[in-house]
Amino acid sequence: MKLSGEASERAQMAGYDFAAIEKKWQEYWEKNQTFLQPNPGESKFSDGPKFYVLDMFPYPSGAGLHVGHPEGYTATDIIARYKRMRGFNVLHPMGYDAFGLPAEQYAVEHGVHPAVTTQKNIANIERQIKMFGFSYDWSRRVSTTDPEYYRWTQWIFLQMFNSWYDGQADAARPIDELIEDLHSGDLLIDQAGNAVPAKEGDDERAGQSDEPSELPPGCARFDQLDQADQKKLLSDIVRRLESRQLYLTLDGRPVPRPGDDVAASITGMQGGYISFSELSQTEQKQAIEDIKAMLEDGQLVIAPTGQFVDVRSTGGAAPTAMRKFSDLAEKEQRQIIDNHRLAYMAEVPVNWCPKLGTVLANEEVTNEGRSDRGDHPVFRRALNQWMLRITAYSERLLDDLSLVDWPEPIKLMQRNWIGRSEGAEVDFRLADGSDVIRVFTTRPDTLFGATYMVLAPEHPLVDRITTSEQRREVVAYVGAARNKSDMERTADTKEKTGVFTGAYAINPVNEKPIPIWVADYVLTGYGTGAIMAVPAHDTRDFEFANKFNLPIIQVVKPPDGVDWRGFVGDGIAVNSGQFDGLATDEFIRQITVWLEERGIGQGQVNYKLRDWLFSRQRYWGEPFPIIHCDKCGTVGLPEKALPVLLPEMADFTPASSDDPGAPPRPPLGKAADWLNTKCPCCGGPAKRELNTMPQWAGSCWYYLRYLDPENEKCFCDATAEEYWMGKDGADLYVGGAEHAVLHLLYSRFWHKVLFDLGHVSTPEPFGKLFNQGMIRSFAYRDKRGVYIGYGDIDFRDDGAYHKTTGEKLSESVEKMSKGLKNVVNPDDIIAQYGADTFRLYEMFMGPLDASKPWNTRDISGVHRFLQRVWRMIVGDEDQKPLLSQAADPAVEKELHKLIKKASEDIEAMKFNTAIAAMMEFINAVYRAGAIDRGQAERFVLVLGPFAPHVAEELWHVLGNTDSLAYEDWPRFNPAMVAESAVELPVQINGKLRSRINVPVSADQEEIVKAALDDPKIAAALEGKQIVKKIVVPGKMVNIVVK
RNA sequence: GCGAGGGUGGCGGAAUUGGCAGACGCGCCAGACUUAGGAUCUGGUCCUGAAAGGAUGGGGGUUCGAGUCCCCCCCCUCGCACCA
């Protein structure tokens, strides 16, 4: 056997020295910039198809990587390396999502600046990532905490601040265009403060003040009251304004307002409300004067309950009064515009954690209603916060799921999260005629079965309609509900609670009075915060009615044999007047029209999705590019003022408190030099926004910055964006399913905003998504249930035993966590076996999308495989290489089969079976005892994406001088793969009896003849009658006998 | 409770459209080479058995033929959780 000089020299050396090989090739790749991928237009760029393969952005935690992270990274790296060999330009970047609460909390606790901690963590995680030999283009690395990165995060925020959602165009548009349309009169302002297209006849109405209409039945005019009652009423109104039971509309009318943002946005009111307490003292005085005037001129009248009633909103008819924008005061104009922005401020109920001094996202709050970090109590509280109008995109976020190739469960989770439901809104008059209750229902066909109504405890009508006899009970119930967190309210889901208000409403389909209750099983945030209860056909209403002895009337006839009580499915209408006999879906169609004709209801679509609470009272996040000016209001900074840098601070600790009512004091408030600035509009003194953005912000668009990370003029150059994003966005996005909803939904939302505004060219960011499964590991417990670390365990024959006590331990598969003492550190594994073995093991464990247990004991299998590969080509002290001059035809055939299988499996992300095929090939070579150089080279190329270091080394041993990274992927010859003869199983009545060898070309008759001639078959058929002969070509023969 | 996914040897897992169940690896057994073997190479390894049989969570069905399709039940994982 003859080998090249280098190879024979190596053949003398000891075995597979992975540590040296891996160090050598990682240095080679870095020095030669092997994986630098130029952009179109750059000098070294060569034309070709593109492939953008993306990993989910890691958060550089202090704990570093665990063995779960590199699973996805290895998969994408195999794909990236494979696609390069297939001639693609491959974009394969990595970066860090480095803002966020953990780094800041650590920094606070240890007295180090979060930037320092973050830097250290990034250095560590990057060291770890580089150990695996991934082929990232490190020149594209980004970090969200880098001012040159967050400058563009701020820029995108400004894009949202400076645009609004145009329902007509069904797209975001620049806010300037809204202002233009408002000034020109193409858009008018409706009563809720929404900009709506002007229609025929609006012009006459617009700008007119409403004539005080006739007194509603039972009501009195203000001037009919005596002075004492007048005074009492006025002070009562003021009290309710101050306690936020009442708000002011933009034109100064006092209105009750549903408890939060959602009700407002869902019922079509875009938050056009002013909280009385936010007005200055003079403004408050003026507001009270205005209300007094409205009372005096009869716009507000007095209902029998003693409450005031706005005659304009009585009767439930949709308000039609339109106003011209140009008629409004400047302040009101500004408010209307601000309330249309995609990024807007609103007072919303939030998770407030006084100990951490910040609001928290729902996912940062545990099921027990405590903070994820630090386990501090969290309270529900209304605060004025930045919001992003993701709800405007509900329908598109839903529809465009059809454009992407994502796992069906992820799409389903997104659909559920958006939570679209179709139904109708129906108005129920109060029995005293003083107002209406609007409800949302998906089953308007069950209206005849509505025997009572329920208001959420926060519903604004509760206070107004409660009778004096019931007041004490209702006040107590509402108070108790308010003090409970959402968690507590839903925790005891078994028992329904509620109280009767004493008031009645009229069921509009049959004019029957039905009682109105208050109960916390009705949520403020969904629909209108009020329901019609149909106990016969709704499980919750059924439970409630049973508990409180409310009437239950059947209106749907279920299929035969099914009890109608509590039947929630579709059926045939009964007890429903003229609608009797209709099937559910037809009934819904007809009654919706019926309701619309009478002006008491209309078809309506509801979403569970809420607008995105976008501010945090923390230091370690992106500052908002926003200035607050007394004169000009909330002002977005001009682009040239970006980035707004985080101020250097000695004390970035947020104000911590045990008092849930204490005002939020964001840490940025302590940076006096920084927060006082000049208004970019008027040049007067102004203050900066003190909140920072939440952690999700930076990760919403990082995949775009990778495309052009150094660009100083733009978040991303259009040419680069168009080339890399192509038609469908990123070609492959791999990450854990824990980001199924939030990250992926938020990114899609930002992307769509950028798309609407013309900054990106695809409607969706991630064309294909793949979720890797979770890697868990074995955890061991002793009798007491105490977890025992691997170091204290003696593993022998039949189980795990405690090293010192000798006690047998129980084994279970768990998520890796410190507490369970089952964390496996990749550094240790790599030190012992090398990165190539690690990569191979993670891919060999099972299907990429399955969750599977880590078992260090199993690693030796793949490690042995690499040693066999090494010895096959290089040999070691004990064994000569199998490399020979003569090609073995059997090996050649196996090689073609391997190339075919590996190619198909990589494309399908079935890496475990691709590796199994490589093992089979090596086993075949050892059996044959020889492999020639050409065969060895092709094998090494196939191995390359999986175990790149050893593959590169062997590539060199075989006499090549360049990296194999851009070598052509080997091809297979289909003729070589095809077998000339096949062994077919022969069954009798489906039971395997024998096997026959036939040529592939054999036809059915020949196959049957061969089967019948087989001695075992012939014997088995003796005395039987053949009924049927079944031949599946290439698969099997089955003979059916009697 | 609702929705989704899954249950195959001692273990991780293979198995186009229904077509030889258990590829590949771990572990285990045997042999070879060895001063040695926790190295390496080769062979064996679902269960029971003499043969015949029996096996893919349990039960039923469709089919010449079912891990795969249909119905019922049990268990596990994930998501949502009073969403009207």
Side-chain angles (χ1 to χ4, degrees), chain A residues 15 262 367 407-413 415-417 419-421 423 439-443 446 454 489-490 492-494 496 519-523 525-534 538-541 543-544 568 606-608 737-738 740-741 773-774 776 778 797-799 811 813 840-841 844-847 849-865 867-868 871 876-879 904 910 912-920 923 926-927 983-995 1027-1041:
Chain A
V262 189
N367 284 331
E408 215 41 57
I410 302 293
K411 288 191 183 186
L412 195 65
M413 277 191 247
R415 285 194 196 101
N416 289 341
W417 192 265
R420 183 185 200 275
S421 64
V439 303
F440 173 73
T441 176
T442 55
R443 291 292 297 273
T446 60
V454 185
R489 273 204 209 180
T490 53
D492 41 1
T493 59
K494 287 174 203 95
K496 295 261 180 307
D520 65 5
Y521 83 90
V522 172
L523 308 174
Y526 187 75
T528 60
I531 62 157
M532 64 174 208
V534 184
D538 180 281
T539 312
R540 297 148 302 179
D541 298 343
E543 286 171 13
F544 192 81
V568 297
N606 251 318
Y607 301 92
K608 281 199 288 186
E738 67 272 19
V741 175
M774 193 187 302
R776 298 184 294 180
F778 295 105
D797 27 270
D798 61 329
E811 181 188 270
V813 175
L840 227 37
Y841 173 63
F844 188 63
M845 288 170 78
D849 55 359
S851 110
K852 52 233 150 193
W854 178 277
N855 193 352
T856 302
R857 200 178 58 179
D858 285 349
I859 294 177
S860 58
V862 286
H863 189 62
R864 274 206 278 265
F865 162 70
Q867 285 178 321
R868 276 159 76 80
R871 276 194 304 271
D876 64 11
E877 283 154 344
D878 300 324
Q879 190 191 319
E904 288 167 358
K910 290 162 67 175
N912 54 332
T913 49
I915 292 167
M918 286 191 267
M919 289 173 167
E920 283 181 90
N923 291 345
Y926 272 77
R927 262 194 303 277
E983 190 190 64
L984 292 185
V986 181
Q987 301 174 345
I988 293 175
N989 287 349
K991 300 244 182 258
L992 179 69
R993 294 297 160 186
S994 184
R995 294 186 170 85
V1027 180
K1028 203 171 170 187
K1029 296 167 223 164
I1030 295 153
V1031 177
V1032 183
K1035 287 288 180 189
M1036 46 72 71
V1037 183
N1038 189 13
I1039 295 166
V1040 187
V1041 299

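Because only heavy atoms are used, hydrogens play no part in the values below, and waters and symmetry mates are left out as well, while side chains stay in. Sequence lines set the chain letters: A, B, ... in the order given, protein chains first and strands last, and positions in each chain run from 1.
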- line: Looking only at B/rC82, B/rA84, B/rG19, the nucleotide nearest the A/Lys496 side chain is B/rC82
statement: Between A/Val1032 and A/Asp541, the residue closer to the 5' end of RNA chain B by nearest nucleotide is A/Val1032
query: When you measure from the side chain of A/Pro847, which nucleotide among B/rA84, B/rA14, B/rC20 comes out closest?
result: B/rA14
- prompt: Looking at A/Asn912, does any N or O in its side chain come under 4.0 Å of the phosphate oxygens OP1/OP2 on B/rA14?
  reply: yes
task: Sort out the partner of B/rU17 for me: Watson-Crick or G-U wobble, both distances under 3.5 Å, none otherwise.
output: none
query: How is A/Gln867 classified with respect to the nucleic acid when contacts are heavy atoms under 4.0 Å: base, sugar-phosphate, or nothing?
result: sugar-phosphate
- prompt: Can A/Lys496 be said to sit on top of A/Tyr521's aromatic six-ring, NZ or CZ under 6.0 Å from centre and within 45° of the ring axis?
  reply: yes
- prompt: Quick one: is B/rG25 close enough that its OP1 or OP2 comes under 4.0 Å of any side-chain N or O from A/Asn923?
  reply: yes
query: Among B/rA23, B/rC26, B/rA84, which is the nearest nucleotide to the side chain of A/Tyr526?
result: B/rA84
message: With a cut-off of less than 4.0 Å, is there a side-chain N or O of A/Arg868 near OP1 or OP2 of B/rU42?
response: yes
message: Taking any heavy-atom pair under 4.0 Å as a contact, classify A/Met1036: base, sugar-phosphate, or nothing.
response: base
task: Hunt down the Watson-Crick or G-U wobble partner of B/rA36, both distances under 3.5 Å, from any strand shown, or write none.
output: none
Whole-Å gap separating P (B/rA84) and CG (A/Asp538): 9 Å
query: Do A/Asp858 and B/rC26 have a side chain to base donor-acceptor pair shorter than 3.5 Å?
result: no
- request: Could you check whether A/Leu412 gets within reach of a base, just the sugar-phosphate, or nothing at all, counting any heavy atom under 4.0 Å?
  value: sugar-phosphate
Side-chain N or O of A/Lys910 closer than 4.0 Å to phosphate OP1/OP2 of B/rC24: no
query: Think A/Gln987 has a side-chain N or O under 4.0 angstrom from the OP1 or OP2 of B/rG19?
result: no
- request: Would you indicate what A/Phe865 reaches in the nucleic acid, counting non-hydrogen atoms under 4.0 angstrom: base, sugar-phosphate, or nothing?
  value: nothing
message: Expressed as a whole number of angstroms, how long is the span from A/Lys1029:NZ to B/rC64:P?
response: 17 Å
- prompt: When we call it a touch if two heavy atoms are under 4.0 Å apart, what does A/Asn416 touch: a base, just sugar-phosphate, or nothing?
  reply: nothing
message: Taking any heavy-atom pair under 4.0 Å as a contact, classify A/Arg993: base, sugar-phosphate, or nothing.
response: sugar-phosphate
Distances under 3.5 Å between nitrogen or oxygen atoms of protein and nucleotides 27-36 of chain B:
residue : atom : partner  : partner atom : Å
B/rG27  : OP2  : A/Arg864 : NH2          : 3.0

message: Both A/Ile915 and A/Tyr841 contact RNA chain B. Which one's nearest nucleotide lies toward the 5' end?
response: A/Tyr841
query: In Å and rounded to the nearest 0.5 Å, what is the CE to CG distance from A/Met919 to A/Leu840?
result: 6.0 Å
task: Could you please name the partner base of B/rC11, counting Watson-Crick and G-U wobble pairs only when both distances are under 3.5 Å?
output: B/rG25
- prompt: Paired with B/rU42 by Watson-Crick or G-U wobble geometry, both distances under 3.5 Å: which nucleotide is it?
  reply: B/rA30
- prompt: Base, sugar-phosphate, or nothing for A/Ser421, non-hydrogen atoms under 4.0 angstrom?
  reply: sugar-phosphate
- prompt: If pairing requires Watson-Crick or G-U wobble contacts with both distances under 3.5 Å, which nucleotide is the partner of B/rC80?
  reply: B/rG1
query: Rounded to the Å, how far apart are A/Met919 CE and B/rG25 P?
result: 6 Å
query: Watson-Crick or G-U wobble partner for B/rU56, using a 3.5 Å limit on both distances?
result: none
- prompt: In terms of side-chain heavy atoms of A/Phe440, which of B/rC64, B/rA84, B/rC80 is nearest?
  reply: B/rA84
query: Is any side-chain heavy atom of A/Trp854 closer than 4.5 Å to a side-chain heavy atom of A/Ile859?
result: yes
message: With syn defined as a glycosidic angle within 90° of 0 and anti as the rest, where does B/rG9 land?
response: syn
task: For A/Lys852, report the nucleic acid contact type (base, sugar-phosphate, nothing); a contact means any heavy atom under 4.0 Å.
output: sugar-phosphate
query: With a 4.0 Å cut-off, would you call A/Arg415 and A/Glu408 a salt bridge?
result: yes
